[in-house]
Amino acid sequence: MPEKKLLLHAYRLMYSASVMAETYEANRQITRYVHSTSRGHEAIQLATAFQLKPYDWVSPYYRDESMLLGMGWTPYELMLQLLTKGGDPFTGGRSYYSHPNSKAPDKPQIIHQSSATGMQAIPTTGVAQGIQYWEARRQPSQEFPIVLCSLGDASITEGEVAEALQFAVLKQLPIIYLVQDNEWGISATAAEERAMDAFEYAAGFKGLNRLKVDGTDFLASFEAMQSVVNHVRQYRKPWLVHAKVCLLGHHTSGVRKEFYRTDEDLAKHRANDPLPKLRKTLSYKVPEAELITLEKEITESIRQQFTDAVNAPEPDPARVAEHVFVPTSITEERGERRPEGKEKVLMVDAALFAISELMEDNEACILFGQDVGKRLGGVFREAATLAQKFGEQRVFNTAIQEAYIIGSTVGLSAVGVRPIVEVQFADYIYPGFNQLVTEISKSCYLSCGKFPVSTVIRVPVGAYSGGGPYHSGCVESTLLTIKGLKIAYPSNAADMKGLMKAAYYDPNPVLMLEHKGLYWSKLPGTEEAKTIEPARDYLLPLGKANIVLQSDKHFEQNGASVCVVTYGMGVYWAKTAAKDLPGQVEIIDLRTLYPLDEELVYETVKKHGKCLVLTEEQQNNSFAEALAGRISKACFQWLDLPVDVLGALNLPAVPLNVGLESAMLPNPLKVKLALQKLLTT
């Protein structure tokens, strides 16, 4: 593009951003939802946007309104989000201003963007990881895409940014981290918060190219970003660009600059305003009268677009619950569960066989996590032989980075890779919670179904012969508080294989909670966790519970029966206990905790009038207690007694000593006593 035309285009958009900010400030009663503007950051944002192609991927952050204008979004479209209108093209009125996501074919692609600073670094690096994966397997149909992750400098101190940078340099991914440094982190200065700026920080990541630029100078920014983008397109290496900018507006409309900034600080920032800088450069090429006419046209256009946006329809409240999940095709049990001629297999092997078959059938399927690579194949040998069979591009180790392991699945899924990842022990899932809550669980809902996260996250859970306080945890209650996730909990090999495959083909995020005490059926009473291996075509839909032990009609008709609702190890405690109460106990194995087979649970409870909900988790405030409450409400008139709950003692952790572990956990004797009390009361 000729320089004059480029400068005019940039000035038109930069001036638009300025008028938009003034309009929002003048209409604070109308623009009542918290928002940020790009004033002071416009030059680097526009210079960056002008380099991007529709097949590129970009994650803007919440101050990147000018970047969105530069990518082709109109002020009116952005205002629809500002005012939370139904026509908001990104989230349908569900999220803040400048929180985009897009699959528009004529613009760069954008995965779901959250407000949590720095959290986008991991999902966006996952996009680059996925692009690299496909590039190694196929020739692209167009020029190589690049990935751009935009960040504020204050977010660089987040640990998850470090995890993203570490993975990007380790794998040499085609990604640019654009860091916009205005020297403020809300009300804290850079000197208060950071020992170094992003450019200095980047020097510690071997293999990360870096560049510093005056982000208030449009031409300097354009040349810098053009050079970096071209380098990444050609050489597929990671870069960090540190752009010094100024903050001319408020942090947000709710945290106003006059609350904490001095006149001297504001004057220093105004002296670097990119708008008059660009106007001065343009004035040598365009007559003043032409510039004044252009500015009047822009002002009138913004005024009209704002009026139109104010008058646009509100979202339909009846649709507020849409897009939590996208539909899955696996709704009925399919295939052979007990094929003739097959031998019984361990649960751990059933998972291994399921993943092996999935990888054979699906080029998009990859597996990664700590120690799952070819040397070990998982600390439980749950991935043994997979790396040897499918290669280290598809099965590989990661660093100790639970946040990256979990959060990268957002970006991988967006570009068509379907990852199966593993958190080594449930107790270590917590570093990944930011990504589960902020990115994965909300992506489908806040993108109105455009970006569901199709991933399977394997989580070994439960106590097992002295695992101790950091390797024995059950985390289902914590996970179930996060809406937008599906959670499976198989108790035998056949269910493991069928649920694993259904989880893979489900386009939503599924956590597979796998009890390590059932993996090898070594514990007394768990022999039945070994089953005939289902056939290759077997699929078990999520949300279908199973009656694993039926009671006798005679006891049911005489009010002398009870049902146990449980899952995981609880299935075997209940089965063992029931041997001393023949015919009186019916056991439901939930198999999936969300979605939950409420229909089967309620039907069974109504049949017996007595119910025990059994869990391995600490009992107070658990999923089991919540389920007992729901059963009580749904089945109140059929109940003979209050629904009982039995779980572990309410201790902070599972003790290491096996005697203390046993004292804490439920067991068959404790279950039998609870059942006898229900039957004799």
Side-chain angles (χ1 to χ4, degrees), residues 347-348 369-371 378-382 400 402 422-433 436 457-482 487-492 496 511-526 529 564-577 589-590 593 612-628 644-674:
M347 263 186 67
V348 69
Q370 295 168 33
D371 299 301
V379 294
F380 303 105
R381 304 294 287 156
E382 72 282 4
I400 303 172
E402 287 84 3
E422 182 179 307
V423 175
Q424 200 164 74
F425 291 92
D427 306 80
Y428 300 121
I429 197 171
Y430 298 104
F433 256 59
L436 275 175
I457 301 173
R458 300 183 67 185
V459 187
V461 298
Y464 172 55
S465 295
Y470 295 101
H471 300 82
S472 304
C474 289
V475 294
E476 56 265 29
S477 292
T478 307
L479 291 170
L480 285 160
T481 64
I482 308 171
I487 300 174
Y489 203 135
S491 68
N492 59 68
M496 172 71 89
L511 283 91
M512 292 286 296
L513 305 187
E514 306 173 13
H515 200 295
K516 59 183 187 291
L518 299 177
Y519 267 157
W520 299 291
S521 292
K522 288 183 178 179
L523 293 177
T526 64
V564 180
V565 180
T566 189
Y567 53 94
M569 187 62 76
V571 171
Y572 299 97
W573 292 329
K575 280 185 172 183
T576 302
D589 180 358
L590 291 175
L593 307 187
L612 173 68
V613 182
L614 174 61
T615 180
E616 185 175 329
E617 280 195 298
Q618 292 91 327
Q619 184 171 325
N620 281 10
N621 304 314
S622 63
F623 159 70
E625 286 196 335
L627 178 55
D644 199 8
V645 180
L646 177 62
L649 300 182
N650 298 301
L651 306 177
V654 180
L656 180 61
N657 177 273
V658 291
L660 297 177
E661 177 190 77
S662 178
M664 177 189 181
L665 297 176
N667 59 39
L669 177 59
K670 293 178 184 179
V671 175
K672 185 178 80 168
L673 293 174

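Heavy-atom basis, side chains included; hydrogens, waters and symmetry copies ignored.
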Do Leu436 and Ile457 touch side chain to side chain, with heavy atoms closer than 4.5 Å?
yes

Nearest heavy-atom approach of Gly466 to Glu661 is N-OE2, 3.2 Å

Inset, instruction - Keeping the roles fixed (side chain from Asp371, backbone from Val379), state whether a donor-acceptor pair exists under 3.5 Å. - result: no

Is the shortest side-chain heavy-atom distance between Thr566 and Val671 below 4.5 Å?
no

On a heavy-atom basis, the closest approach of Met347 and Pro490 is CE-O, 3.8 Å

> With a 4.5 Å heavy-atom cut-off, do Asn621 and Ser477 have their side chains touching?
Replying inline: no

Any side-chain heavy-atom pair of Thr615 and Tyr567 under 4.5 Å = yes

Here the gap from Thr526 atom OG1 to Lys575 atom NZ, rounded to the nearest 0.5 Å, amounts to 10.5 Å

*Output, in order, the C-alpha distance, side-chain angles, deciding distance and verdict of side chain to side chain contact (heavy atoms under 4.5 Å, CB included) for Met512 and Met496.*
CA-CA 9 Å; Met512 292 286 296; Met496 172 71 89; 4.0 Å; yes

Value for CZ (Phe623) from CD1 (Ile487), rounded to nearest 0.5 Å, stands at 9.0 Å

* Any side-chain heavy-atom pair from Glu625 and Asn620 closer than 4.5 angstrom? -> yes

For Leu665 and Ala463 the tightest heavy-atom approach is CD1-CB, 3.5 Å

Interatomic distance, NZ@Lys670 vs CG@Leu649, rounded to 0.5 Å, equals 5.5 Å

Report yes or no: do Gln370 and Tyr428 form a side-chain donor-acceptor pair below 3.5 Å? no

- Under a 4.5 Å cut-off applied to non-hydrogen side-chain atoms, are Met569 and Leu523 in contact? yes

To the nearest 0.5 Å, atom NZ of Lys516 lies from atom OG of Ser472 at 4.5 Å

Do Ser622 and Glu617 have side-chain atoms, one donor and one acceptor, less than 3.5 Å apart?
no

Test ring pair (Phe, Tyr, Trp, His ring centres under 6.0 Å), reference Phe425, set Phe380, Tyr430, Tyr464, output is Phe380

Heavy-atom count check: over 12 atoms from other residues, nucleotides or ligands less than 6.0 Å from Ile400 CD1? no

In terms of heavy-atom contacts, Pro655 and Leu660 come closest through CB-CB, 3.6 Å

*If only atom types and distance count, is the side chain of Thr576 paired as donor or acceptor with the main-chain N or O of Tyr572 below 3.5 Å?*
yes

Q) So His515 and Tyr489, would you call those rings parallel, tilted or perpendicular, with 30° and 60° as cut-offs? A) tilted

Closest non-hydrogen contact found for Ala529 with Ser491 is CB-O, 3.7 Å

Minimal heavy-atom distance between Leu651 and Met664, with the atoms involved, is CD1-CG, 3.8 Å

Notebook entry, point to check: Taking C-beta and beyond as the side chain, do Leu479 and Phe433 meet within less than 4.5 Å on heavy atoms?
Noted result: yes

Taken to the nearest 0.5 Å, the spacing of Leu627 CG from Leu614 CG works out to 11.5 Å

| said: Is the shortest side-chain heavy-atom distance between Ile429 and Leu511 below 4.5 Å? | reply: yes

Is a side-chain N or O of Ser662 found less than 3.5 angstrom from the main chain of Gly659, in a donor-acceptor match?
-> no

